[in-house]
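What follows is a single structure, written as structure tokens, with notes after it.
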Amino acid sequence: TCTPSSTLDRFSCEFEESTRNANMSSDLVWQILKKGNAFLVKRDGVTLSREPCNLRNVHSFKYSGLANSKAIGVEAEDGAVAVVAKKKSWNKPASSLSKNKLGKSVRRGARGIAGLVESRYRPDLKQAALARLTRLNQAAKRKAAGISAPTRRTRKPGSKRA
């Protein structure tokens, strides 16, 4: 609780209490972030996102890790797969993500991700989380075999798409 001793302290106390109790809705956060944020990537007419906990890297409300209160991400970490989940501490950004390693086994990882997404997070993200796990596993296999990732064909400036 805050005890103001002057007018300035009274305003700072009111601001402190309003920010402590403020919890913006996911829709409002998305309306703010939709037009532009630091994670936004626009290339070749496609809008992508590099934000954490965005499973498809698509700039949409469904997959947004910043706008949704329950977000989950799958990352590669030291040859293993880690699941990153958003916790309830929205007012402490440094500790708002929890990271759990699943190990190197793909089947155990898939079972763990499916159970975690269906039970505690959002069941609509199950397919995207499993697809991300599969892509990370494929990349790890290519890296272990010494095969480089397939290169993207780029078009010359001024040429039209076919």
Measure across L33 and H59 and return the closest heavy-atom pair with its distance rounded to 0.1 Å. O-CE1, 3.9 Å
Cation-pi between R50 and F39: NZ/CZ under 6.0 Å from ring centre and within 45° of the ring axis? no
A side-chain contact here means heavy atoms from C-beta on lying under 4.5 Å apart; do N57 and S49 qualify? no
N137 side chain to K141 main-chain N or O, any donor-acceptor pair under 3.5 Å? no
Please check if the side chain of T134 supplies one atom and the backbone of L130 the other of a donor-acceptor pair under 3.5 Å. yes
Approximate separation, where rounding is to 0.5 Å, of K70 NZ and C53 SG: 14.0 Å
Under 6.0 Å from the NZ atom of K101, do we count more than 12 heavy atoms belonging to anything else shown? yes
R135 atom CZ, over 12 foreign heavy atoms within 6.0 Å: no
Give me the atom names and distance for the closest heavy-atom approach of V117 to K126. CG1-N, 3.7 Å
Take Y63 and L125, measure what side chain to side chain contact (heavy atoms under 4.5 Å, CB included) needs, and give me the verdict at the end. CA-CA 8 Å; Y63 297 110; L125 296 179; 3.8 Å; yes
Between W30 and S60, what is the shortest heavy-atom contact and its length? CH2-C, 3.5 Å
Would you please name every residue forming a side-chain contact (heavy atoms from CB on, under 4.5 Å) with L48, sequence neighbours left out? V41, V46
With a 3.5 Å distance limit and no angle check, can you tell me whether N68 reaches the backbone of A71 through a side-chain donor-acceptor pair? no
Shortest non-hydrogen separation from L55 to R132 and the atoms involved: O-NH1, 3.0 Å
NZ (K42) and OG1 (T47) are apart, to the nearest 0.5 Å, by 5.5 Å
Might you confirm whether atom CZ of R122 has over 12 heavy atoms from other residues, nucleotides or ligands at distances under 6.0 Å? yes
If you compare all heavy atoms of E118 against all heavy atoms of P123, which two are closest, and at what distance to 0.1 Å? O-CG, 4.1 Å
Closest approach of S26 and F61, non-hydrogen atoms and distance? O-CE1, 3.6 Å
